[in-house]
Number of protein chains: 2
Amino acid sequence: MLRIGKLTDYGLVVLNQLALVGAVKQSTDDIAQATGLTVPTVRKVMKAIVDAGLVIAQRGSKGGYRIAVAPAQISVLDVVQAFEGPISLTECSADDNQCEITESCSLSSNWTGINDLLLRVLRDITLDDIRHPEVQDTLHHQIVDQLQRIQLVNL
Amino acid sequence: MLRIGKLTDYGLVVLNQLALVGAVKQSTDDIAQATGLTVPTVRKVMKAIVDAGLVIAQRGSKGGYRIAVAPAQISVLDVVQAFEGPISLTECSADDNQCEITESCSLSSNWTGINDLLLRVLRDITLDDIRHPEVQDTLHHQIVDQLQRIQLVNL
DNA sequence: TAATACCCTACCAAATTAGTATGGTATTAC
DNA sequence: GTAATACCATACTAATTTGGTAGGGTATTA
């Protein structure tokens with residue numbers, strides 16, 4: 001139903017927690033306790049955001065995780081892609097494989113445009129925005145206002 | 001992976017086909033042949049868009065389907081919702097059920113804003129836009145241009 | 001009354017996702 | 001150099017969702 005995965009959501013929660021404590025390293029257990037997530041789930045989440053370069057992991061005693069990038073530099077798109085790979089609304093626009101319904105498929109390729117718009121929106125919203133609801137509200141209204149001013153060419 | 005379902009895509013293809021012939025009624029077989037989809041799949045697609053009121057069905061001999069609304073009045077959002085129900089990126093923002101991680105969930109509620117933006121974009125693009133790629137390109141550029149002019153408040 | 005063509009429900013198989021378990025490896029402290 | 005800490009990698013299971021299919025029912029028209 002056009003949903004993002006739960007893990008993506010968890011990822012945002014964890015990043016928020018890491019942003020909260022700044023440079024202080026936190027272990028898996030710390031994070032689990034702070035967020036209310038289970039330890040195994042946190043582990044899974046950490047792998048994704050470490051691989052994406054959003055978080056730095058240090059092993060061994062005295063190890064732990066700390067955020068690698070300033071919250072204002074982490075976009076929602078970064079997080080979504082860390083968990084769900086490259087975004088593409090349809091198979092057509094993503095892979096290079098041809099779809100079966102060749103004749104009608106020229107139409108489907110238009111999803112690409114919608115896809116780009118979605119990417120743009122997700123890229124323009126940062127972890128910092130998310131963390132401050134009142135700021136995010138303002139941002140939200142700004143974008144909606146702009147969209148409302150757009151005259152559709154064919155109407 | 002933040003995908004729309006194949007059926008939704010098919011729905012758009014079928015609606016395009018119906019729009020092509022205007023007021024002429026088409027049977028399931030006609031549509032299947034014209035689009036390259038299988039008959040059972042077309043049946044499933046038709047149910048969704050008939051229920052959504054986008055297409056009118058007439059039974060009996062001489063029956064068939066015809067488009068119920070002008071293509072310029074059918075938004076991509078209409079089609080997506082016909083197949084995938086109300087759009088909500090997270091469970092939190094959709095249902096009234098409480099999520100388990102209570103403390104951190106205030107953060108998750110910010111998905112709502114992103115959700116609204118997505119709805120807005122999908123609602124502003126019509127079947128007519130989709131059918132004319134060059135028009136849709138223009139539209140696309142317009143929206144992206146507007147988005148680019150937005151200054152994020154916290155940067 | 002028979003032919004046409006939509007309608008409804010249910011079923012099956014494949015893919016995806018969430019959650020869990022387990023053994024391995026790097027770093028630090030003593 | 002050994003033990004404790006804590007991250008790492010892989011794999012497995014169960015639940016959910018999705019796509020595709022089947023079969024019998026009902027309305028309309030000739």
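Naming convention: chains lettered A, B, ... in sequence-line order (proteins, then strands); numbering from 1 in each chain. Hydrogens, waters and symmetry mates are skipped; everything else that's a heavy atom, side chains included, is used. As the structure is a computational prediction, the values presented were derived from the model and not from experiment.
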Using only atom types and a distance under 3.5 Å, with no angle test, would you say the side chain of [X] pairs donor to acceptor with the backbone of [Y]?
X	Y	result
B/Asp30	B/Ser27	yes
B/Asp78	B/Ser75	yes
A/Asn16	A/Val13	no

Let's see if you can work this out: which of [options] has an atom nearest to the side-chain heavy atoms of [X]?
X	options	answer
B/Gln58	C/dA5, D/dT29, D/dG20	D/dT29
B/Lys6	D/dG19, C/dC8, C/dA18	D/dG19
B/Arg59	D/dC7, D/dG25, C/dA18	D/dG25
B/Ser61	D/dT29, C/dA18, D/dG20	D/dT29

Given atom [atom1] of [X] and atom [atom2] of [N], what is their separation to the nearest angstrom?
X	N	atom1	atom2	answer
B/Met46	C/dC7	CE	P	8 Å
B/Ile49	C/dC7	CD1	P	11 Å
B/Arg66	C/dA5	CZ	C1'	16 Å
A/Lys44	C/dT22	NZ	C1'	14 Å
B/Asp29	C/dA3	CG	P	17 Å
B/Lys25	D/dT29	NZ	C1'	11 Å
B/Lys47	D/dG20	NZ	P	18 Å
A/Arg3	D/dT16	CZ	C1'	12 Å

Short side-chain N/O contact from [X] to OP1 or OP2 of [N], under 4.0 Å:
X	N	answer
B/Ser27	C/dA5	no
B/Thr38	D/dT21	yes
A/Tyr10	C/dG19	yes

TODO: Would you indicate whether the side-chain heavy atoms of B/Ile4 and B/Glu84 approach each other to under 4.5 Å?
DONE: yes
Task: First encountered from the 5' end of DNA chain D, between B/Lys62 and A/Val50 - done: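 Residue closer to the 5' terminus by nearest nucleotide: A/Val50.
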Open item on the list: Heavy-atom nearest nucleotide on DNA chain D for A/Tyr65 versus B/Thr8: which residue maps closer to 5'?
Closed with: A/Tyr65
Open item on the list: Which residue is it: B/Gln26, B/Gln17, B/Met46? I am looking for the one with a side-chain contact (heavy atoms from CB on, under 4.5 Å) to B/Tyr65.
Closed with: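 That would be B/Met46; it is the only one of B/Gln26, B/Gln17, B/Met46 passing the side-chain contact (heavy atoms from CB on, under 4.5 Å) with B/Tyr65.
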Task: Opposite nucleotide pairing with D/dA6, Watson-Crick or G-U, both atom distances under 3.5 Å - done: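 Paired with C/dT25.
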Task: 5'-most by nearest nucleotide on DNA chain C - B/Asp51 or A/Arg43 - done: B/Asp51
